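Position 1 is the first residue of the sequence, and the numbers go up from there. It should be emphasised that the depicted structure is a prediction, and the values quoted were computed from it without experimental measurement. Counting convention: from 1, in listed order, for ligands and their atoms alike.
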Amino acid sequence: MITMAGMIGVGKTTYTNYMAEMFNAEPLFEEVSENPILDAYYSEPTKYAFSLQIYFLNQRIKSIKRGMRLDRAILDRSIYEDALFTQVNNMNGNISDVEWNLYQDLLANMMDDIRIISENTNQQPELLVYLTGPFDMILEKIKRRGRSYEQVDGRPDLLAYYQQLYTMYGEWYESYDKSAKMSIDVSQYDIIDSESDRHTVAKLIQDTYDQLLLTSKI
Ligand SMILES: Nc1ncnc2c1ncn2[C@@H]1O[C@H](COP(=O)(O)OP(=O)(O)OP(=O)(O)O)[C@@H](O)[C@H]1O
């Protein structure tokens, strides 16, 4: 199982689709259009932050469970990043300390269950592919995608939230140690329009993956 990671709007969905094709794996997405709380969260974070995090946690656990029952799966976001969002919301006063502690306890409890399923199915996240790139490029992508609730125009609070998350993402990746990991600067490649860039990225990931398998056989 490969897990994608990275900031809002960086391109996880595109890469997940592409990698699923490349590895002949099933892409596992969290459908934004089916999320009943996201829109409300962006307009009233204090009211909806905790419910949204519980919603995402539940969805992420479902995806991991499903992924572990498949031979090959690509997850479009890791469960570990959700805690980052929860933490930022706690720092910003949208989630209380009691809720933050409860969330961490619930996450730890769920991860224990995941470990048991992983031992039974012999499937686990093998590689985390972290997508990154310049902050301005990410803002541009969010703008181009055009989801109204994600737009920063006239919303300095939202811009500050994105900046905060962006910084914390870099630190989070450095300390991530739950599986092997690699990072890709998405500003260096155009995997939508350039066949040659697609091949370069494919080779990068394949080489890392092959190396991993060799290492695990030693
Ligand atoms: N745990 C979370 N807390 C708050 N918001 C979240 C959380 N996880 C995801 N989101 C938000 O949900 C939306 C998810 O959109 P989507 O699935 O397209 O992912 P994305 O992170 O924007 O990915 P991509 O890298 O594919 O552009 C984004 O607005 C993102 O900020």
Which part of Thr16 is near ligand 1, with near meaning a heavy atom under 4.0 Å away: side chain, backbone, both or neither?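 The answer is neither; Thr16 stays 4.0 Å or more away.
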
Is it the side chain, the backbone, both or neither of Asn89 that has a heavy atom closer than 4.0 Å to ligand 1? neither

Parallel under 30°, tilted from 30 to 60°, perpendicular over 60°: which one fits the rings of Tyr169 and Tyr130?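 Because their plane-to-plane angle is under 30°, the rings of Tyr169 and Tyr130 count as parallel.
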
Inspect the contact between Lys143 and Glu140 and indicate whether a charged nitrogen and a carboxylate oxygen are less than 4.0 angstrom apart.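 Result for this pair is no, no salt bridge flagged.
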
Salt-bridge contact Glu150-Arg145 (side-chain N to carboxylate O under 4.0 Å): yes

Nearest option to [atom], as decided by whichever heavy atom of [options] sits closest:
atom                    : options                     : answer
atom 8 (N) of ligand 1  : Arg147, Arg60, Gln53        : Arg60
atom 5 (N) of ligand 1  : Tyr162, Phe85, Tyr55, Tyr15 : Phe85
atom 24 (P) of ligand 1 : Lys12, Gln59, Met7          : Lys12
atom 21 (O) of ligand 1 : Arg77, Glu150, Glu30        : Arg77

At a 4.0 Å threshold, what atoms of ligand 1 neighbour a non-hydrogen atom of [X]?
X     : value
Val10 : 25 (O), 27 (O)
Ile8  : 21 (O), 22 (O), 30 (C), 31 (O)
Leu52 : 4 (C), 5 (N)
Tyr42 : 28 (C), 29 (O), 30 (C), 31 (O)
Val32 : 14 (C), 15 (O), 16 (P), 17 (O), 18 (O)
Leu38 : 11 (C), 12 (O), 13 (C)

Met4 touching ligand 1 at heavy-atom level, < 4.0 angstrom: no

Thr13 N/O to ligand 1 N/O under 3.5 Å: yes

In terms of heavy-atom contacts, Leu128 and Ser78 come closest through CD1-CB, 4.0 Å

Between [X] and [Y]: side-chain donor-acceptor atoms closer than 3.5 Å:
X      : Y      : value
Thr132 : Asp185 : no
Gln206 : Asp210 : yes
Gln59  : Asn35  : no

